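Just so it is clear, the model here is predicted, and its values are computed rather than measured. Residue numbers begin at 1 in each chain, while the letters A, B, ... track the order of the sequences.
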Number of protein chains: 2
Amino acid sequence: MNDLHINISIESSFYCKDPESTELGKKIVQVGIELMDQLGYEAFTFKKLGVEINSNESSIYRYFESKHAFLVYLVNWYWSWIEYKLVFATANIVSAEERLKKSIELLTEEVKEDSSFTFINEVLLCKIINTESSKAYYTIDVDKENEKGFYKTYKRVVQRVCDFVLEVNPQFKYPHMLISTIIEGAHHQNYFSKHLPALTDVEEGKNNIVEFYLKLTKSVLSL
Amino acid sequence: MNDLHINISIESSFYCKDPESTELGKKIVQVGIELMDQLGYEAFTFKKLGVEINSNESSIYRYFESKHAFLVYLVNWYWSWIEYKLVFATANIVSAEERLKKSIELLTEEVKEDSSFTFINEVLLCKIINTESSKAYYTIDVDKENEKGFYKTYKRVVQRVCDFVLEVNPQFKYPHMLISTIIEGAHHQNYFSKHLPALTDVEEGKNNIVEFYLKLTKSVLSL
DNA sequence: GCATTTATGATAGTAATACTATTATATTTG
DNA sequence: CAAATATAATAGTATTACTATCATAAATGC
């Protein structure tokens, strides 16, 4: 996959000026991810990012209209990337059950190596998604932003996996709840395992999280 | 239960001055909940709250050291209240399975009426918990705050329900994951049903959320 | 190769936030 | 009634999340 040099295309509604179109734009995203990982969403500012990349706050505002918009961009990039991996991982697999299994694995495992086929460090991006992505939709402007399509990539991924669920068990009444519960759940569990271990059962070295959600899926769908 | 007039006692580490000890303190919490519900966490400020209660920003700071501390107080109040309801609802019930079922119901149902046995509007508080509570622990200072015991009430509730899980199925390896997944999941689903319905399967008038998590629990524990 | 467009950088400025500090004025209590 | 305590009013600070303006550098078009 590393040799494909696919690039994730992001809709123009997620930026003012396409960051992929210039060196500065790529640097904003690349170093922006590193800095947000270090400081957390709240303490991250465009001013600090400007200093870090030897550029100017005002230049960054030409790419993203706000810090929130930058987060939304990252979240959509992440889901586009997951969608790509999902389509790739389930292509040519005959068994619907196997396709679902691969999907759940993909959605729940922690990304630990950077595929480095883009300027984005996927390991850090995933850490940010785990910790900060809910802030993209837990905002007073959700409804307005939902209308603008800010969460469409996420919804599309959920729908794809729902389709697999229904192939496996067409009678199942809660495919969306199941998949969004698993996605959000896995993000929480990854975070909890590092910071609030009393809320998990993660053991050193073992990937219990994937295991747990696979088991959950199997049992609730009677597989 | 309305006649009991129990009051939820909150540890002194969650405030500078006990808001329950004065009229002003109660008003801060009571109107603070209403205002945070209206504005959302980000736009909520102590200054605006001061105007609302005809008091002063500086007076509010004598009760809570920061906006974040106020949220942490509310989250702990919520979990103390849930814990009380949990203990009450499961007392004298012989069947472990039934205790677990009641617990899951309690953790996943949306609170729709105010028990009005305190100065706190529980319906609004629950809305705030659904929308804002994750911001209490998705912060760069989690580890420090966890050490200070900021999340202990939540962890205690999870542990109580875990104990029921293990009574029902002592071999089950992931009780904490299961319960924290259900709790966070139900909060997400409640929020999604109002703002991002594409991520749920909630039907008008039906409480599918409780139903889904009950089914999930039963199947994963082979009940 | 030079003019023109376009991108970037530097600087300044604004309203609001999240506080802290100080002082004044009520209110309670001993 | 004095002293202690709680609350209110005011001012001030550093930072945030921007917007606006102008200068300069780089790319492109003919």
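A salt bridge links Lys26(B) with Glu23(B): the closest approach of a Lys/Arg side-chain nitrogen to an acidic carboxylate oxygen falls below 4.0 angstrom.
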Derivation and outcome, side-chain contact (heavy atoms from CB on, under 4.5 Å), residues Asp37(B) and Ile33(B): CA-CA 6 Å; Asp37(B) 174 59; Ile33(B) 286 171; 5.5 Å; no
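Tyr63(B) and Phe70(B) have their aromatic ring centers separated by at least 6.0 angstrom. Separation of the His195(B) and Tyr138(A) ring centroids does not fall under the 6.0 Å cut-off. Between Phe212(B) and Tyr174(A), a ring centre-to-centre spacing shorter than 6.0 Å is recorded. Aromatic ring centres of Tyr137(A) and Phe192(B): separated by under 6.0 Å. Taking the six-membered ring where the residue is Trp, the centroids of His187(B) and Tyr191(B) are separated by 6.0 Å or more.
The outermost nucleotides of DNA chain C lying under 4.0 Å from heavy atoms of chain A, listed 5' to 3', are dA7(C) to dT11(C).
Going from atom CD1 of Ile60(A) over to atom P of dT16(D) covers 13 Å, rounded to whole Å. To the nearest angstrom, C1' of dC18(D) lies 15 Å from CG of Leu49(A).
Between Lys48(A) and dT16(D), a side-chain N or O to OP1/OP2 separation shorter than 4.0 Å is present.
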If a protein heavy atom is under 4.0 Å from the base, mark B; if only from the sugar-phosphate, S; if neither, -; do that for nucleotides 4-14 of chain D going 5' to 3'. --SBBBB----
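Using a 4.0 Å heavy-atom cutoff across all strands shown, Tyr61(A) reaches at least one base atom of the nucleic acid.
When the shell of 6.0 Å around CD of Glu65(A) is examined, it contains 12 or fewer heavy atoms from other residues, nucleotides or ligands.
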